[in-house]
Amino acid sequence: MKKRWNLATISLTILITLFSGAVIASGTQTDDAGIQWFSYAEGRQRGEAENKKVFLVFNADWCRYCLQMEKETFQNPTVIAYVNRNFVPVSVNSDKEQDIAEKYKVRGLPDTWFISETGEPIANRPGYIAPDDMLKILKFFGTDSYRTMSFRAFVDKGK
């Protein structure tokens with residue numbers, strides 16, 4: 001009887017260990033898989049429903065700097081993790097969704113926007129953004145520091 005109980009305990013322990021490892025692995029997959037982009041409509045809806053800011057990036061297939069941001073900035077593990085954790089990321093191809101690009105008066109690409117939890121535009125930054133600079137910008141908006149200080153003051157403060 002004691003042997004069966006010990007065998008059952010050992011089996012249960014192994015199963016729990018395997019299951020918890022699977023849960024931990026699946027929890028880290030989102031960062032490994034890259035930024036979890038949403039369509040404009042779904043992203044805006046999720047932002048309001050989840051009370052999260054929207055990280056909105058306008059791009060195009062032909063845009064050299066958009067492709068560079070995709071390869072460098074949006075492949076950076078720290079940027080990926082911060083975006084996926086703190087924002088609802090939305091990618092809009094301005095050639096295919098011209099009406100959305102016009103709504104935001106996009107004139108050059110890439111164009112990065114931050115949208116409040118209530119759907120109001122906060123600010124935008126046109127042009128290529130390197131990973132280190134992007135992380136500073138993400139933290140500036142993600143921590144709501146933009147409400148109390150300038151970006152320059154935020155960077156000088158060393159957050």
Visitor: Please work out which of the three classes, parallel, tilted or perpendicular, describes the rings of Tyr82 and Phe87, given edges at 30° and 60°.
Guide: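 Aromatic pair Phe87/Tyr82 classed tilted.
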
Visitor: Does Gln45, at its CD atom, have more than 12 non-hydrogen atoms belonging to other residues, nucleotides or ligands within less than 6.0 Å?
Guide: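 12 or below, so no.
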
Visitor: List the atom of Glu70, the atom of Trp37, and the distance in Å for their closest heavy-atom pair.
Guide: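 Nearest heavy atoms, Glu70 then Trp37: OE1-NE1, 4.4 Å.
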
Visitor: Taking side-chain contact (heavy atoms from CB on, under 4.5 Å) as the definition, give me every residue that meets it alongside Thr112, ordered by chain and number, with sequence neighbours left out.
Guide: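 Counting only residues at least two positions away or on another chain, Thr112 forms a side-chain contact (heavy atoms from CB on, under 4.5 Å) with Phe55, Val57, Met69, Phe114, Ile129, Met134.
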
Visitor: Output all residues satisfying salt bridge (Lys or Arg N to Asp or Glu O under 4.0 Å) with Asp99, sequence neighbours left out; order by chain, then residue number.
Guide: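 Once residues adjacent in sequence are excluded, Asp99 has no partner under the salt bridge (Lys or Arg N to Asp or Glu O under 4.0 Å) criterion.
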
Visitor: Could you check if a side-chain atom of Leu138 sits within less than 4.5 angstrom of a side-chain atom of Asn86, using non-hydrogen atoms only?
Guide: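 Not in contact.
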
Visitor: From Phe151 CZ over to Lys136 NZ, what is the distance, rounded to the nearest 0.5 angstrom?
Guide: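 Output value for this atom pair is 7.0 Å.
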
Visitor: Rounded to the nearest 0.5 Å, what separation is found between the OH atom of Tyr65 and the CD atom of Glu72?
Guide: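 Interatomic distance, Tyr65 OH to Glu72 CD, rounded to 0.5 Å: 11.0 Å.
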
Visitor: Enter the distance from Arg107:CZ to Ser94:OG here, rounded to the nearest 0.5 Å.
Guide: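 OG of Ser94 is found 11.0 Å from CZ of Arg107.
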
Visitor: Please tabulate, for the side chains in residues 116-124, all donor-acceptor contacts under 3.5 angstrom to protein atoms that are two or more places apart in sequence or on a different chain.
Guide:
from   : atom 1 : to     : atom 2 : distance (Å)
Ser116 : OG     : Thr118 : N      : 3.3
Ser116 : OG     : Thr118 : OG1    : 2.9
Ser116 : OG     : Gly119 : N      : 3.4
Ser116 : OG     : Glu120 : N      : 3.0
Ser116 : OG     : Glu120 : O      : 3.3
Glu117 : OE2    : Lys53  : NZ     : 3.0
Asn124 : ND2    : Asp111 : OD1    : 3.0

Visitor: Are any non-hydrogen side-chain atoms of Phe38 and Pro89 less than 4.5 angstrom apart?
Guide: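 They are in contact (side-chain heavy atoms under 4.5 Å apart), so the answer is yes.
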
Visitor: For residues Val92 and Leu56, determine if any side-chain heavy atom of one lies less than 4.5 Å from a side-chain heavy atom of the other.
Guide: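 Yes; the side chains approach each other to less than 4.5 Å.
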
Visitor: Tyr128: what forms a ring pair (Phe, Tyr, Trp, His ring centres under 6.0 Å) with it, not counting sequence neighbours?
Guide: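 Ring pair (Phe, Tyr, Trp, His ring centres under 6.0 Å) check on Tyr128 returns nothing, list empty.
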
Visitor: Could you check whether atom CG of Asp132 has more than 12 heavy atoms from other residues, nucleotides or ligands sitting under 6.0 Å from it?
Guide: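 No.
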
Visitor: Measure across Cys66 and Ala60 and return the closest heavy-atom pair with its distance rounded to 0.1 Å.
Guide: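 So the minimum-distance heavy-atom pair works out to SG-N, 3.8 Å.
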
Visitor: Using side-chain contact (heavy atoms from CB on, under 4.5 Å), reason through Val83 and Phe74 one step at a time and then give a plain yes or no.
Guide: CA-CA 9 Å; Val83 168; Phe74 299 145; 5.9 Å; no

Visitor: For Glu50, check side-chain contact (heavy atoms from CB on, under 4.5 Å) against everything at least two apart and list the hits.
Guide: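 With neighbours one apart ignored, the set is Arg46, Lys52, Val88.
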
Visitor: For Arg152, give me all partners under salt bridge (Lys or Arg N to Asp or Glu O under 4.0 Å), at least two apart in sequence or on another chain.
Guide: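 Checked Arg152 against salt bridge (Lys or Arg N to Asp or Glu O under 4.0 Å); matches are Asp156.
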
Visitor: Within the 4.5 Å heavy-atom criterion, are Ser91 and Asn59 side-chain neighbours or not?
Guide: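 Heavy-atom side-chain distance check passes, below 4.5 Å.
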
Visitor: Is Tyr104 close to Ile115 at the side-chain level, that is, under 4.5 Å between some pair of heavy atoms?
Guide: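 Sidechains of Tyr104 and Ile115: in contact.
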
Visitor: Are Leu109 and Val90 connected in the hydrophobic side-chain network, where two residues link if heavy atoms are under 4.5 Å apart?
Guide: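 Yes: a chain of side-chain contacts under 4.5 Å links Leu109 to Val90.
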
Visitor: Establish whether Val155 and Tyr146 are linked, either directly or via other cluster members, by ILVMFWY side-chain heavy-atom contacts under 4.5 Å.
Guide: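 In one cluster with Val155: Tyr146, yes.
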
Visitor: Enter the distance from Arg85:CZ to Ile80:CD1 here, rounded to the nearest 0.5 Å.
Guide: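 Rounded to the nearest 0.5 Å, the CZ-CD1 separation comes out at 11.5 Å.
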
Visitor: What's the shortest heavy-atom distance between Thr143 and Ser145, and which atoms?
Guide: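 Answer, listing the atom of Thr143 first, then Ser145: OG1-OG, 2.8 Å.
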
Visitor: Evaluate the side-chain proximity of Tyr40 to Val54: yes if any heavy-atom separation is below 4.5 Å, no if none is.
Guide: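 Heavy-atom side-chain distance check fails, nothing below 4.5 Å.
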
